[in-house]
Novice: 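Sharing a structure, written as structure tokens. Questions coming.
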Protein chains: 2
Amino acid sequence: MLTRSAKYAIKALAYLARRPEGGAPVRIGDIAREEKIPQKFLERILLQLNRDGILYSRRGPEGGYGLARPANTIMLGDLIRRIDGPLAPIPCVSVTAYRPCPDCGDESSCGLRLVMKEVRDAMANILDQTSLADMQKRSDAVKGALAETRPTAVKPAHARKPRRSNPTS
Amino acid sequence: MLTRSAKYAIKALAYLARRPEGGAPVRIGDIAREEKIPQKFLERILLQLNRDGILYSRRGPEGGYGLARPANTIMLGDLIRRIDGPLAPIPCVSVTAYRPCPDCGDESSCGLRLVMKEVRDAMANILDQTSLADMQKRSDAVKGALAETRPTAVKPAHARKPRRSNPTS
DNA sequence: TTTATTCCCTATCGATTTAGTAGGGATAAT
DNA sequence: ATTATCCCTACTAAATCGATAGGGAATAAA
């Protein structure tokens with residue numbers, strides 16, 4: 001289960017992703033009000049993402065937060081790992097935070113581990129291939145489909161060719 | 001993340017699944033010792049699964065626990081839901097325990113929800129199609145592959161045709 | 001029928017995590 | 001100088017997790 005922190009983080013950053021790139025920074029208070037997130041709670045979350053280099057910030061009047069990178073380079077998997085920790089259901093199948101089971105005799109043939117590795121990979125395939133921009137596109141596609149005669153379905157990100165993570169490279 | 005309870009439950013039931021079907025019941029103490037699980041802790045878990053009808057039990061000397069159904073009809077998804085609750089990362093995409101987000105304006109076009117629904121479905125596709133017997137088969141396949149010249153790979157359960165949940169029907 | 005063994009049941013407990021609040025300090029635009 | 005904003009630490013109430021304690025009820029075997 002996602003914690004509220006991770007959920008808030010994603011909603012807040014999705015909000016920032018909707019603003020014109022390179023525009024003026026946005027106040028925490030505005031994000032909190034629009035997305036209905038407790039302000040002081042959100043403050044701590046954005047603070048961390050700022051330290052992590054996902055956000056930039058400016059202090060004082062006219063200050064606020066903005067995305068430090070283009071929205072199509074910020075992956076949900078990365079955000080969730082930073083806030084909630086590893087995606088893996090059990091540590092022995094985590095790629096980013098592997099830890100062996102203290103008791104497991106032969107790890108390579110542990111049935112539970114084999115299944116949970118599949119689960120981890122399935123989650124990671126989605127979350128590491130879906131950016132803030134992708135998420136927004138899919139939301140827009142649903143909204144568009146309600147209004148259009150010929151709805152244009154947007155494929156889930158993991159069914160498409162992976163994007164380069166840095167579009168400037 | 002799986003709780004220890006769910007992990008213990010699966011390991012304990014996998015242990016029971018390895019015994020001859022219809023054989024004598026197995027003591028909690030034996031399972032706990034073999035699988036290195038705190039006995040009193042395991043007791044509470046098996047008690048619940050007994051109430052849920054997954055296990056049968058017999059008291060007194062020669063007593064113990066056994067699977068109440070064939071191992072190929074007991075799905076990991078079912079076990080995990082009973083012990084840990086819903087698979088879904090957020091309640092608004094849960095099939096078995098749906099609850100709306102209190103704040104979400106238009107649920108159908110919420111980008112986060114669309115992505116998390118994918119994640120839930122990916123997890124459910126694996127865990128609801130993998131039985132205790134499947135898990136064991138995959139473990140055996142790995143062990144076999146280490147010994148054999150031409151290893152026989154066993155496909156993940158969700159890539160095969162779904163089995164009927166009750167083989168007697 | 002007694003006794004030993006096993007499951008059944010409830011209560012409790014310490015540690016950790018979660019979800020938030022409080023209260024300032026540092027910085028920068030006006 | 002003033003004021004708006006981010007920055008930082010500490011604190012807290014409640015829930016959850018992982019486990020232990022201490023018996024009660026049933027039943028097989030002596």
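Chain letters run A, B, ... following the sequence lines, proteins first and then strands; every chain starts at 1.
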Novice: Within the 4.0 Å limit for protein heavy atoms, which parts of nucleotides 19-26 of chain C are touched? Write it as a string from 5' to 3', B for base, S for sugar-phosphate only, - for none.
Specialist: SBBBBBBB

Novice: Rounded to whole Å, please give me the gap between CD1 in Ile45(B) and P in dT20(D).
Specialist: 12 Å

Novice: Hey, does Ser109(B) have a side-chain heavy atom less than 4.5 Å from the side chain of Ser139(A)?
Specialist: yes

Novice: Within this structure, what is the CG-to-C1' distance between Leu49(A) and dC7(D), rounded to whole angstrom?
Specialist: 14 Å

Novice: Can you tell me if Asp52(B) uses its side chain to pair, donor with acceptor, with the backbone of Leu49(B) under 3.5 Å?
Specialist: no

Novice: Would you mind reporting whether Leu132(B) and Thr73(B) have side-chain heavy atoms less than 4.5 Å apart?
Specialist: no

Novice: Does a sphere of radius 6.0 Å around CZ in Arg18(B) hold more than 12 heavy atoms from other residues, nucleotides or ligands, not counting ones at 6.0 Å or beyond?
Specialist: yes

Novice: Taking the side chain as everything from C-beta on, heavy atoms only, tell me whether Tyr56(B) gets closer than 4.5 Å to Pro25(B).
Specialist: yes

Novice: Check the distance between dA19(D)'s C1' and Lys7(B)'s NZ and give it to me in whole angstrom.
Specialist: 15 Å

Novice: Calculate the interatomic distance between Tyr56(B) atom OH and dT27(D) atom C1'; express it in whole Å.
Specialist: 15 Å

Novice: Can we say Arg113(B) and Asp106(B) salt-bridge, meaning some charged N sits less than 4.0 Å from an Asp/Glu carboxylate O?
Specialist: no

Novice: Nearest-Å distance, CG (Asp84(A)) to P (dT16(C))?
Specialist: 19 Å

Novice: Are Phe41(A) and Leu2(A) connected into the same hydrophobic cluster when the rule is that any two of I, L, V, M, F, W, Y join if their side-chain heavy atoms are below 4.5 Å apart?
Specialist: yes

Novice: Between atom CZ in Arg51(A) and atom P in dC6(D), what is the gap in whole Å?
Specialist: 15 Å

Novice: Quick one: is Ser57(B) getting a side-chain N or O under 4.0 Å of the dT6(C) phosphate, OP1 or OP2?
Specialist: no

Novice: Answer yes if Ile90(B) and Met1(B) sit in the same cluster of Ile, Leu, Val, Met, Phe, Trp and Tyr residues linked by side chain heavy atoms under 4.5 Å apart, and no otherwise.
Specialist: no

Novice: Over how many whole Å does the gap from Glu62(B) atom CD to dC7(C) atom P extend?
Specialist: 11 Å

Novice: Asn50(A) side chain N/O closer than 4.0 Å to the phosphate oxygens (OP1, OP2) of dC6(D)?
Specialist: no

Novice: Does anything in residues 26-36 of chain A reach DNA chain D, meaning a heavy atom under 4.0 Å, and if so which residues?
Specialist: Val26(A), Arg27(A), Ile28(A)

Novice: Arg58(A) has an atom CZ; how far is it from atom P of dT5(D), in whole Å?
Specialist: 12 Å

Novice: Less than 4.0 Å between a side-chain N and a carboxylate O, is that true for Arg138(B) and Glu118(A)?
Specialist: yes

